[in-house]
Peer 1: 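Quick one: this structure, given as structure tokens, is what I'll be asking you about.
Only a predicted model underlies this, so the values are computations on that prediction, with no experimental measurement involved. A note on names: the letters A, B, ... follow the listed sequences, proteins ahead of strands, and every chain is numbered from 1.
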Amino acid sequence: MDYRSTLNLPQTKFKMKANLTQKEPEFLKKWEKEGLYAEVQEATKDRPLYLLHDGPPYANGHLHMGHAFNKILKDMILKSKRMFGYHAPYVPGWDCHGLPIELNVDKELGAKKKEIPKLSFRGACRKYAGKWVKTQSAEFKRFGVLADWDNPYLTIHYSYEAAIAREFNRFLTNGSVVRAKKPVYWCSSCTTALAEAEVEYDDHTSTSIYVKFPVASDLGIPALEGKQVSVVIWTTTPWTLPANVAVALHPKFDYGAYEANGEVYILAQGLAESAMHAFGFAEYTEVCLFSATEIEGLECHHPFLPRTSKIVLADYVTLETGTGCVHTAPGHGREDYITGLKYELDVLSPVDDRGVFTEEAGKYMGMHINDANPVICEDMQASGHLLSQNKMNHSYPHCWRCKKPVIFRATKQWFIGMDNNDLRQKALAAIKDVTWIPSWGMERIYGMVEGRPDWCLSRQRAWGVPITAITCDDCGEIMNNDFINKRIDEFFIKEGADAWFAHDVKEFMEEGFQCLCGGTSFTKEEDILDVWFDSGVSYAAVLEERGLETPADLYLEGSDQHRGWFQSALLASVGTRGVAPYKGVLTHGFVVDKHGKKMSKSIGNVIAPEEIIKQYGAEILRLWVSSEDYRDDIKISDEILRQLADSYRKIRNTTRYLLSNLGDFNPATDTIAFDDLEELDRWALSQYERLKRKVRGGYESFEFHQVYHGLQNFCTVTLSNFYLDIIKDRLYSELPDSLSRRSAQTVLYEIAVGMLKLMTPVNSFTAVEAWDYLPEDAAREDNLFIALFPDENDDYLQDELHGKWQQLQQVRGEITKVLELARREKIIGHPLEAEVWISVGVDLAESLADQWQTLERIANVSKLNHVDAPAVGATSSETIAGLTVLVKAATTEKCERCWTRSATVGSHGDHPEICSRCHAVVTALGIEEA
RNA sequence: GCGCCCAUAGCUCAGCUGGAUAGAGCAACGGCCUUAUAAGCCGUAGGCCGCAGGUUCGAAUCCUGCUGGGCGCACCA
């Protein structure tokens, strides 16, 4: 007869094929409908708080791998914290102001852009940002991120805009805000000042010229008396010459006077030859040498303007190119500016915000600087001041948005002074009180804050929160008081930051207000705030406003944020609250391709999260996030994804097998007490206990790759290859309610429940899906996101058992090797076809004395005989001294039910095809004879 | 150019404060099974520990330099 139906074969409705791409959206829909996030928050509200504060992505464009990695990492941390017993709310946020949005709206508006009023334009920007928030929100949700998606924070919410203004006004009130004319990067195409972070370097072809600055005063060098002497400068920006006020020489270099063609040129000695060559002078004589210090302070004639330029000293002058005499325009260069401060030079910047010369530039007024370059050169050529002109390709700063070359231009800007109110020192002290993960994050940000310039807050653009400062038209003082601050706050809460532009300045001030100078006419500042200020104050706008805790437990972003959000938040919070806004900061690396190269469209190595989800599902994306050690760069490639998909299948299938053997198990009534479990089952629990600790430890230290590898190894090595393979016989063949079968099921159930919990933060979809296929158990939690991780259980550790079984597994390994040899020689196929003779050395003999039957079972052979001396033809082990193994085909009959070869097959008349064990089972089941 | 970081099998990771033949899993290759079956089991192979020096009885581990890569900064008059 067919005994198959008398076996307890595995059975479950949990599908082997995950079909993630289809099933995940169904789960998401269900969770959204049920209000899962709210349910979890409600259920955990009395637990201690763990606050991870979300850094806002910029609301523009689709999400990339970096976004996906970051958000999933946060999700895994929050889910694991909840399972550690915390209440962990998660308010996602978006950064919605700023130039990129403004530029895209510009583009959409096209020609109309110039006609529409500011407020309409801002409205369009708001709409644009809202559209991307919606898109990105949907994309984040699809990753399986559990968050308060219905109540995110947006930097364009009225309440948020009000908070920004409030925080700015705090700085204004405490005297940290300074106005200064400073050269800043300026994009004349975008007509805005750029933060340094908004400037990128790229190759650019410039006109490089050598220009004579005729010496105006007596050099005091006899050899040069009565001669036509010029200092020669080299520059790649002819258009900045109208702003020239000095020529800088290096205090330590030797300079020489070189005579050619009847004139004398002053150059650094080290560059004389190349320079004279560039001028086309084949022959020249060195009249004399002198140190730059000898001519410091002397005056030269400007090459084409009726004024003089001073000879100054600066140690940034190099001998790499040029003449060693550097054209200095404090209004057009940072170093020039510093030199200018030292020598009290004028900061000239005769260029307007579109890059057009102003009347200060004399005859060049009205000309764009780009058009002026050749004209200036021609003029100097004509006047004989131009010695040489060339094209030069070099790295030059470009605008990060429009990719056009930027200029340095002195304009009025608003700053938070790093050294006002001791901000720098306070920030440095606060850094030391924060836990940085990895620890080198501290040095990184410390160095950055230590050396950073003042924070330029102002942008001459439309889409942002205004700098809420009011100045007196008569004396220029800033009017700041409680009344104004309060009024601004009220307006912003009601109407958003638009109120600043919609209402007259008087409406923000007390009626009849007069400046101390007596002035009664006031002007609102038109500049807007740097967006880093917007996001920087999120601790106030989000955490404080929503009654959450500050400082937050954790900020978590890519390592670029050491000089982005981590820093702006730190400075804002230290400047107004005196403390860092976070207790801990975790950073991760950047997503790179399989060669470790960053992703870029031009290389074509970009992988979008959307593609991965379409092809594999979010679970694979999440598994990827968990599998990589993010402290380094995070690699992704098709190969990695394929591997993860395989790995996922293994975990899923192992889970499925556990479930399939629990179909008839009732935890309430069938559970076997720990002490009554079979030894192998207790051993399995000890392995599970070790896994549990490894996984819990991995979550605790945010080392999710430990979780991934732990689960992966456990499923493969401990369960699939060993434990599950061995207990099959018991599970399938014994009576359903037998002690040995229930013993195995007790352990399978505990492991199944535990494993699903342990994988929940990573593979949320799969864990939740499988959870429903467990046997009924009233004691089990319904909702995995509220459930706690399984506790550590010292009873399960079973150290002696652990050691003993390590040895047994080793011996088993030796047996399986010989089985493989026999298989190769076609002596056996399935291990149950084998009969084994084993002999061991004295030391092993003792520890294995009563383990022969165990070995027979775990080697899954039909018969294992222990012999004192090596059997004839036995194979000696290479790794265990004295161990020999002989494998032969078993000569007894195969039991048709359990496939074991046994001498008892045939001894039962009513069931001649099965062994005694199976006969007893079949009889107990009441099955009539075959 | 400067600061911080990274480099171990084809892939993802272990390898603790220096200690013996550098470990797992996956993938690869070969075989078995058909009672987890678009599964499962067994076996085999695979490493100049980025390169070069140095310290040491002993280096994947410590030091120096170099190469490649990442993030950030600066400069390019």
Peer 1: How many whole angstroms separate atom CD of Glu825(A) from atom P of G43(B)?
Peer 2: 16 Å
Peer 1: Given the side-chain rings of Trp186(A) and Phe408(A), with only the six-membered ring counted for Trp, is the space between their centroids under 6.0 Å?
Peer 2: no
Peer 1: So what does Arg4(A) touch, heavy atoms closer than 4.0 Å: a base, only the sugar-phosphate, or nothing?
Peer 2: sugar-phosphate
Peer 1: Using atom NE2 of His595(A) as one end and atom P of U12(B) as the other, report the distance to the nearest whole Å.
Peer 2: 12 Å
Peer 1: Under 4.0 Å between any heavy atoms, over every strand shown, what does Glu896(A) touch: base, sugar-phosphate, or nothing? Just pick one.
Peer 2: base
Peer 1: Under 3.5 Å for both donor-acceptor distances, Watson-Crick or wobble: does C2(B) have a partner, and if so which one?
Peer 2: G72(B)
Peer 1: Less than 4.0 angstrom between a side-chain N/O of Asn721(A) and OP1 or OP2 of C42(B), yes or no?
Peer 2: yes
Peer 1: Across all strands shown, which nucleotide pairs with G58(B) by Watson-Crick or G-U wobble geometry, both distances under 3.5 Å?
Peer 2: none
Peer 1: Need the pair for A52(B). Rule: Watson-Crick or G-U wobble, both distances under 3.5 Å, any strand; none if unpaired.
Peer 2: U64(B)
Peer 1: Between Ser733(A) and Gly813(A), who's closer to the 5' end of RNA chain B by nearest nucleotide?
Peer 2: Ser733(A)
Peer 1: Expressed as a whole number of angstroms, how long is the span from Asp629(A):CG to C11(B):C1'?
Peer 2: 15 Å
Peer 1: Please classify the nucleic acid contact of Gly829(A) as base, sugar-phosphate, or nothing, using heavy-atom distances under 4.0 Å.
Peer 2: sugar-phosphate
Peer 1: Does Arg444(A) make a side-chain donor-acceptor contact with the base of C71(B), cut-off 3.5 Å?
Peer 2: yes
Peer 1: For the C1' atoms, the ones on U55(B) and on A9(B), what distance do you get once it is rounded to whole angstrom?
Peer 2: 29 Å
Peer 1: Identify whether any heavy atom of Arg897(A) sits under 4.0 Å from a base atom; if not, whether one sits that close to sugar-phosphate; answer base, sugar-phosphate or nothing.
Peer 2: base
Peer 1: Give me the distance, rounded to whole Å, that separates U56(B) from C75(B) when you measure between the P atoms they each carry.
Peer 2: 44 Å
Peer 1: Taking the side chain of Asp646(A) as heavy atoms from C-beta outward, which of G25(B), C42(B), A27(B) is closest to it?
Peer 2: A27(B)
Peer 1: Indicate whether the side chain of His588(A) and that of Ser559(A) have a donor and an acceptor atom separated by less than 3.5 Å.
Peer 2: no
Peer 1: Is the phosphate of C26(B), meaning OP1 or OP2, less than 4.0 Å from a side-chain N or O of Lys650(A)?
Peer 2: no
Peer 1: We want to know whether Thr766(A) and Tyr648(A) form a side-chain donor-acceptor pair, criterion being a heavy-atom distance below 3.5 angstrom.
Peer 2: yes
Peer 1: Using atom CH2 of Trp436(A) as one end and atom P of C5(B) as the other, report the distance to the nearest whole Å.
Peer 2: 15 Å
Peer 1: Mind checking if Tyr732(A) touches a base, just sugar-phosphate, or nothing, with heavy atoms under 4.0 Å?
Peer 2: base
Peer 1: If only side-chain N and O atoms count, and only distance matters, is there a donor-acceptor pair under 3.5 Å linking Asn19(A) with Gln22(A)?
Peer 2: yes
Peer 1: So, OP1 or OP2 of C73(B): does either fall under 4.0 Å of a side-chain N or O from Arg563(A)?
Peer 2: yes
Peer 1: Of Arg897(A), Arg857(A), Arg917(A), which is the lone residue that meets salt bridge (Lys or Arg N to Asp or Glu O under 4.0 Å) with Asp729(A)?
Peer 2: Arg917(A)
Peer 1: With a 4.0 Å cut-off on heavy atoms, is Thr328(A) in touch with a base, just the backbone sugar-phosphate, or nothing at all?
Peer 2: nothing
Peer 1: Give the nucleotide from the list U37(B), C26(B), C71(B) with an atom nearest to the side chain of Arg656(A).
Peer 2: U37(B)
Peer 1: Think His705(A) has a side-chain N or O under 4.0 angstrom from the OP1 or OP2 of A14(B)?
Peer 2: yes
Peer 1: Pick base, sugar-phosphate or nothing for Thr236(A), based on heavy-atom distances below 4.0 Å to the nucleic acid.
Peer 2: sugar-phosphate
Peer 1: Describe the nucleic acid contact of His709(A) in one word from base, sugar-phosphate, nothing, applying a heavy-atom distance below 4.0 Å.
Peer 2: base
Peer 1: Checking only heavy atoms, does the side chain of Ser720(A) share a donor-acceptor pair with the base of A36(B) at less than 3.5 Å?
Peer 2: yes
Peer 1: Which part of the nucleic acid does Ser559(A) contact within heavy-atom distance under 4.0 Å: base, sugar-phosphate only, or nothing?
Peer 2: sugar-phosphate
Peer 1: Taking CG from Asp725(A) and P from A36(B), how many angstroms apart are they, rounded to a whole number?
Peer 2: 9 Å
Peer 1: Can you check the distance between A20(B) and C63(B), where both ends of the measurement are the C1' atom (answer in whole Å)?
Peer 2: 24 Å
Peer 1: Report which part of the nucleic acid Lys826(A) touches: base, sugar-phosphate, or nothing (heavy-atom distance under 4.0 Å, all strands).
Peer 2: sugar-phosphate
Peer 1: Considering only U34(B), G25(B), C71(B), which nucleotide approaches the side chain of Gln643(A) most closely?
Peer 2: G25(B)
Peer 1: Would you mind reading off the distance between Ile634(A) atom CD1 and C5(B) atom P, rounded to a whole angstrom?
Peer 2: 18 Å
Peer 1: If we only count heavy atoms from C-beta on, is the Asn860(A) to His830(A) side-chain gap below 4.5 Å?
Peer 2: yes
Peer 1: Mind checking the P distance from C16(B) to C62(B)? Whole angstroms is fine.
Peer 2: 10 Å
Peer 1: Closer to the 5' end of RNA chain B via nearest nucleotide, is it Ser647(A) or Trp440(A)?
Peer 2: Trp440(A)
Peer 1: Any side-chain heavy atom of Gln712(A) sitting closer than 4.5 Å to one from Ile651(A)?
Peer 2: yes
Peer 1: Tell which nucleotide pairs with C26(B), taking only Watson-Crick or G-U wobble pairs whose two distances are both under 3.5 angstrom.
Peer 2: G10(B)
Peer 1: Expressed as a whole number of Å, how far does the P atom of A59(B) sit from that of C49(B)?
Peer 2: 13 Å
Peer 1: Is the distance from OP1 or OP2 of A7(B) to the nearest side-chain N or O of Arg631(A) less than 4.0 Å?
Peer 2: no
Peer 1: Would you measure the distance from the P atom in A22(B) across to the matching atom in U67(B) and give it in whole Å?
Peer 2: 30 Å
Peer 1: If you measure from the P atom in U12(B) to the same atom in G50(B), how many Å do you get, rounded?
Peer 2: 15 Å
Peer 1: For atom CD of Gln11(A), decide whether the heavy atoms of other residues, nucleotides or ligands shown that lie under 6.0 angstrom number more than 12.
Peer 2: no
Peer 1: Using a heavy-atom cut-off of under 4.0 Å over every strand shown, decide if Gln712(A) touches base, sugar-phosphate, or nothing.
Peer 2: sugar-phosphate
Peer 1: Using the C1' atoms only, state how far A39(B) lies from C33(B), rounded to an integer number of Å.
Peer 2: 11 Å
Peer 1: Do we see a donor-acceptor contact under 3.5 Å between the side chains of Ser208(A) and Lys391(A)?
Peer 2: no
Peer 1: Scan Leu7(A) against the nucleic acid and name what it touches under 4.0 Å (heavy atoms): base, sugar-phosphate only, or nothing.
Peer 2: base
Peer 1: Picking from G10(B), G70(B), G25(B), which would you name as closest to the side chain of Glu639(A)?
Peer 2: G10(B)
Peer 1: Has the side chain of Glu820(A) got a donor or acceptor that lies under 3.5 Å from a partner of the other kind on the base of G30(B)?
Peer 2: yes
Peer 1: Please determine which of Thr236(A), Val245(A), Thr240(A) meets the side chain to side chain contact (heavy atoms under 4.5 Å, CB included) test together with His327(A).
Peer 2: Thr240(A)
Peer 1: Compare side-chain N and O positions of Thr816(A) against OP1 and OP2 of G43(B) and report whether any pair is under 4.0 Å apart.
Peer 2: yes
Peer 1: Check every strand shown and say whether Asn653(A) touches a base, only sugar-phosphate, or nothing at a heavy-atom separation below 4.0 Å.
Peer 2: base
Peer 1: Can you tell me which nucleotide in C11(B), U34(B), G25(B) comes closest to the side chain of Ile640(A)?
Peer 2: C11(B)
Peer 1: When the distance from CD of Gln567(A) to C1' of G3(B) is rounded to whole Å, what number comes out?
Peer 2: 14 Å
Peer 1: Using purine N1 to pyrimidine N3 plus N6-O4 or O6-N4 for Watson-Crick, or N1-O2 and O6-N3 for G-U wobble, each under 3.5 Å, what pairs with C41(B)?
Peer 2: G31(B)
Peer 1: If you look at every strand shown and take non-hydrogen atoms under 4.0 Å, does Gly596(A) touch a base, only sugar-phosphate, or nothing?
Peer 2: sugar-phosphate
Peer 1: Could you tell me the separation between the CG atom of Leu9(A) and the C1' atom of U34(B), rounded to a whole number of Å?
Peer 2: 12 Å
